[in-house]
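See structure below.
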Amino acid sequence: MVRISVDTGTCVGAAQCVLAAEELFDQDDDGIVTLLNANPEGEAVKAARVAAESCPSRSITLHED
Amino acid sequence: MSTVETNPPVAPYFMRQPGKPFPPPEYADFRKLNGLAQVALPSGGRAWLITRHEDVRAVLTDPRISSDPSREGFPRPTATAGVPTPHEVPGWFVGSDAPDHTRLRKALISEFTIRRMKAIQGTVEEIVDGCIDRMLADGKREADLVNDFALAVPSLVIATMLGVPPADRKFFEAQSKVLVTISSEDEKRADASRQVHRYLNRLIALRRKRPADDMISRLVASGQVTDREIPGVAMLLLIAGHETTANNISLGAVTLMQNPQWIGDPRIVEELLRYHSVADLVLMRAVLEDIEIGGQLVRKGEGLVLLVAGANHDDAVFERAGEFDPSRSAQGHVAFGYGVHQCLGQNLVRIEMEVAYRKLFERIPTLEVAAPIATLPYKYDGVLFGLHNLPVRW
């Protein structure tokens, strides 16, 4: 199982996560990351990894439980 | 790898030269050593060049580096070229660290969300169509694609977003050009900066009295940005919003005219961003504590130039990096930088490039460069790489 966590305190709103996986990540009105689904499955796990890798402020962590 | 102090190669600042390929072939030589070289700055100082993708990304997320040009060692290409300090231009948050950078960036993120960018796509399409209409209108079947299109589109887009009258395009483009040319004389540069400030101050005062539906009005109303900072923030957005994108659009248009089989492919934008790396010399930092980069000890108080084209043409990450190949994955490129300063407007750039190429080649399918590629006026002297002019015909 993969669980995603995001740090809204360090997010800089570059939106790379939304570009990589819009089914998992969104931005609030201030442009800060919001998590739509913390438990991706199948193909979405790959997209979550791309999002975490692309995040310029490293605000996305994948926990392999 | 153990940390050592070696005698690194010393490179001249201007490695881009007429007749030489870009990125300069020396970058590959440096990557084969330990990825670092020293550069002799025209101002007389030295700085480290970082050329490997892995090192560039690692350094840009390292808390022991600073973006503040008033820090000891921060690279200054010439006395006045480069990033202004917070003292010189308050609000120019490219050159600031937390907490000021965090506050100013957060005040602007909402203006550049994916949702906002989707909402503005229609405006971008209208502006692009308008530019093409004007190119076609005189019946000459030739144009300067930089002035009439590649520069016009992002200038008109950012002006519209900020609330700057699009009719003042020539004024702010001319001043920006002075500011982003490395060899501009100090006095000329100071004058250009003063003129843009005066112009924006007038506009800001106007919006204070009579707010409109634009970014300057919202900045004024936000309460997040001080009165001293607002002109600097607006100036940064205005300049960064048109210069960078203009160079991307023009260089990309040349590449697409040379590789027409890729026109229409949705993957071209990311690959063009990687391939051209126009912001090669933009990322500069000062080192706040001794750190190790690629096995090299870099001392507190030394300066870094993180070469965007070095990282984006690193064969360890992008196979046959010197080839334009949209079928590769360009993911992980650092064309917009990396770390907390990564380009705020990058998703606007993506839309501008996508719309620009789609409409340009749809409406003028016979477009071609009207001069030998090698003779084109490249910006060897620019903070950003690009083209001064691009003669085209159809």
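Lettering of chains follows the sequences in order, A, B, ..., and the numbering in each one begins at 1. What's counted below: heavy atoms across the whole structure, side chains too, no hydrogens, waters or symmetry copies.
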Original post:
Can you tell me if B/R31 uses its side chain to pair, donor with acceptor, with the backbone of B/H313 under 3.5 Å?
Top reply: yes
Original post:
Can you check whether B/G35's main-chain N or O pairs, donor with acceptor, with B/T51's side chain at less than 3.5 Å?
Top reply: yes
Which residue out of [options] racks up the most heavy-atom pairs below 4.5 Å with chain B?
{"options": "A/I32, A/D26, A/T10, A/D28", "answer": "A/D26"}
{"options": "A/A14, A/A15, A/G13", "answer": "A/A14"}
{"options": "A/G31, A/S57, A/S59, A/P56", "answer": "A/P56"}

Subject >> Residue from B/V334, B/L384, B/N312, B/L272 passing side-chain contact (heavy atoms from CB on, under 4.5 Å) with B/S277 >> reply: B/N312
Subject >> Over 12 non-hydrogen atoms of neighbours within 6.0 angstrom of CD in B/Q121 >> reply: yes
Original post:
Any chance CD of B/E319 has more than 12 other-residue heavy atoms, nucleotides or ligands included, within less than 6.0 Å?
Top reply: no
Original post:
Is chain A contacted by the side chain of B/R350, its backbone, both, or neither, given a heavy-atom distance below 4.5 Å?
Top reply: side chain
Original post:
Highest number of heavy-atom pairs under 4.5 Å with chain A: which of B/T61, B/L108, B/L60?
Top reply: B/T61
Original post:
Picking from B/R116, B/Q342, B/E111, B/K106, which has the most non-hydrogen pairs under 4.5 angstrom with chain A?
Top reply: B/Q342
